[in-house]
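A short worksheet on the structure shown next.
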Amino acid sequence: AFLATSGVNANTSRSEVTYYFDSMLAADPAAVPTSAGSESTGTGTVTVKNDGTVMMDIRWEIRGEDGPINEDNAVVGIHIHTGDEYTNGPIVFGFCGQDPLP
């Protein structure tokens, strides 16, 4: 599991509003104890437009025993929680994965 800390930027032109959420990703052993010792990191950008379009760009640097990502070590879900960097609130938007997550 990765914890994301985010910044939000808004771009407005005419009637279109676009929000950009930029995140730094890192393991969060307090939320997911099995991620303890992970050295993997990443970045993420989510773009939300007022027409409902959502685009996501996530980049990981998988290090050490975290990899490789394959059928035996799969990504099980990508989603956004409410809360800040200290709070793992409920999932408010899921991009992929099963429900409930394992």
Side-chain angles (χ1 to χ4, degrees):
F2 287 94
L3 170 70
T5 57
S6 298
V8 179
N9 298 309
N11 179 19
T12 59
S13 63
R14 298 186 192 165
S15 63
E16 183 176 311
V17 178
T18 303
Y19 293 95
Y20 301 92
F21 300 87
D22 295 315
S23 301
M24 301 298 297
L25 307 172
D28 183 12
V32 181
T34 57
S35 69
S38 173
E39 298 175 8
S40 297
T41 59
T43 60
T45 301
V46 177
T47 304
V48 181
K49 294 187 175 187
N50 68 340
D51 66 0
T53 303
V54 179
M55 295 173 284
M56 180 176 60
D57 177 46
I58 294 182
R59 297 167 191 246
W60 284 290
E61 184 173 339
I62 305 300
R63 298 181 184 153
E65 296 182 21
D66 292 341
I69 301 300
N70 57 31
E71 63 277 354
D72 296 322
N73 185 30
V75 174
V76 296
I78 299 174
H79 49 266
I80 296 174
H81 293 264
T82 59
D84 58 25
E85 64 184 294
Y86 305 106
T87 306
N88 192 13
I91 295 171
V92 294
F93 191 87
F95 294 97
C96 68
Q98 60 192 27
D99 185 21
L101 294 172

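Hydrogens, waters and symmetry mates play no part in the numbers below; they use all other heavy atoms, side chains included.
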Please find the pair of heavy atoms, one from Ser38 and one from Ala27, that lie closest to each other, and give the distance.
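Nearest heavy atoms, Ser38 then Ala27: CB-CB, 3.6 Å.
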
Ignoring hydrogens, what is the shortest heavy-atom contact between Ser40 and Asp66? Give both atom names and the distance.
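Closest approach of Ser40 to Asp66, heavy atoms only: OG-OD2, 2.6 Å.
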
Atom OG1 in Thr41, atom CG in Leu25: separation rounded to 0.5 Å?
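The distance works out to 8.0 Å.
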
Between Ser23 (side chain) and Thr43 (backbone), is there a donor-acceptor pair under 3.5 Å?
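Absent.
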
Considering residues at least two apart in sequence or located in another chain, which fulfil the side chain to side chain contact (heavy atoms under 4.5 Å, CB included) criterion with [X]?
| X | result |
| --- | --- |
| Thr45 | Asp22, Thr47 |
| Asp51 | Lys49, Thr53 |
| Ile69 | Ile62, Asn73, Val75 |

Any chain of hydrophobic side-chain contacts (each under 4.5 Å) joining Val92 to Met55?
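As far as the 4.5 Å side-chain criterion goes, Met55 and Val92 are not connected within one cluster.
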
Out of Glu61, Glu65, Arg63, which one pairs with Glu39 under the side chain to side chain contact (heavy atoms under 4.5 Å, CB included) rule?
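The side chain to side chain contact (heavy atoms under 4.5 Å, CB included) with Glu39 is passed solely by Arg63 among Glu61, Glu65, Arg63.
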
Residues in side-chain hydrogen bond (donor to acceptor under 3.5 Å, both in side chains) contact with Asn70, at least two apart in sequence or another chain
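Not a single residue meets the side-chain hydrogen bond (donor to acceptor under 3.5 Å, both in side chains) criterion with Asn70.
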
Residues which pass salt bridge (Lys or Arg N to Asp or Glu O under 4.0 Å) with Asp57, listed by chain and number, not counting sequence neighbours:
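Residues passing salt bridge (Lys or Arg N to Asp or Glu O under 4.0 Å) with Asp57: Arg59.
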
